[in-house]
Amino acid sequence: MLADRGYDHDKYRRLLWARGIRPVIAKRGEPHGTGLGIFRYVVERTIDWLHGFRCLRIRWERRDDIHEAFLELAVCLITHRHVQRLCQNI
């Protein structure tokens, strides 16, 4: 699990290890540039793409299955757009 400096505490590390999760938490007081930002950017960018769909940005649906269907549809559309861009560059 990737986390920023706000979670740099032994308590959180122990909880993650107890669940079998390897924590990758930036240390406080160390200079930036550990490389965690590279992975964080991918996650934040993906969430931003999903929030580009209005039905996901504001959750109107009360039922989980319908919301999950909209989420899966959004992932399909995002993937389709990327494949189209890749095919145009060939």
Side-chain angles (χ1 to χ4, degrees):
M1 169 172 276
L2 299 173
D4 57 12
R5 287 176 172 81
Y7 298 96
D8 183 26
H9 195 277
D10 289 335
K11 170 185 165 184
Y12 300 119
R13 284 191 173 84
R14 275 185 260 128
L15 287 170
L16 290 171
W17 280 116
R19 293 178 180 221
I21 301 170
R22 185 175 74 91
V24 180
I25 303 173
K27 301 272 188 194
R28 289 185 186 182
E30 289 187 9
H32 291 278
T34 59
L36 289 178
I38 296 168
F39 301 108
R40 183 176 177 179
Y41 170 74
V42 172
V43 174
E44 289 177 355
R45 181 187 61 194
T46 305
I47 291 170
D48 188 47
W49 285 340
L50 291 172
H51 283 173
F53 294 89
R54 185 169 178 244
C55 61
L56 294 174
R57 184 176 41 238
I58 301 171
R59 186 169 176 176
W60 300 102
E61 298 297 331
R62 292 184 181 183
R63 290 178 41 193
D64 289 339
D65 58 339
I66 294 175
H67 183 73
E68 188 174 344
F70 278 129
L71 182 64
E72 291 174 5
L73 182 60
V75 170
C76 289
L77 289 171
I78 290 169
T79 304
H80 177 70
R81 290 174 186 166
H82 282 287
V83 169
Q84 276 187 323
R85 280 190 214 128
L86 288 173
C87 291
Q88 287 175 356
N89 292 337
I90 294 177

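Hydrogens, waters and symmetry mates are skipped; everything else that's a heavy atom, side chains included, is used.
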Query raised in the report: Stepwise, does the side-chain contact (heavy atoms from CB on, under 4.5 Å) test hold for L77 with F53?
Result: CA-CA 10 Å; L77 289 171; F53 294 89; 3.7 Å; yes

Requested in this report: Please examine the side chains of R81 and W49, heavy atoms only from C-beta on, and report whether any two atoms are closer than 4.5 Å.
Outcome: no

Report summary line: Quick note, salt bridge (Lys or Arg N to Asp or Glu O under 4.0 Å) partners involving residues 64-80, not counting sequence neighbours, are R59-D64, R63-D65

Compile the donor-acceptor pairs under 3.5 Å between side chains in residues 11-18 and protein atoms, sequence neighbours left out, one pair per line.
residue : atom : partner : partner atom : Å
R13     : NH1  : D8      : OD1          : 2.8
R13     : NH2  : D8      : OD1          : 3.1
R13     : NH2  : I25     : O            : 3.3

Query - side-chain contact (heavy atoms from CB on, under 4.5 Å) against L50, all qualifying residues, sequence neighbours excluded - result: L56, L71, A74, V75, I78

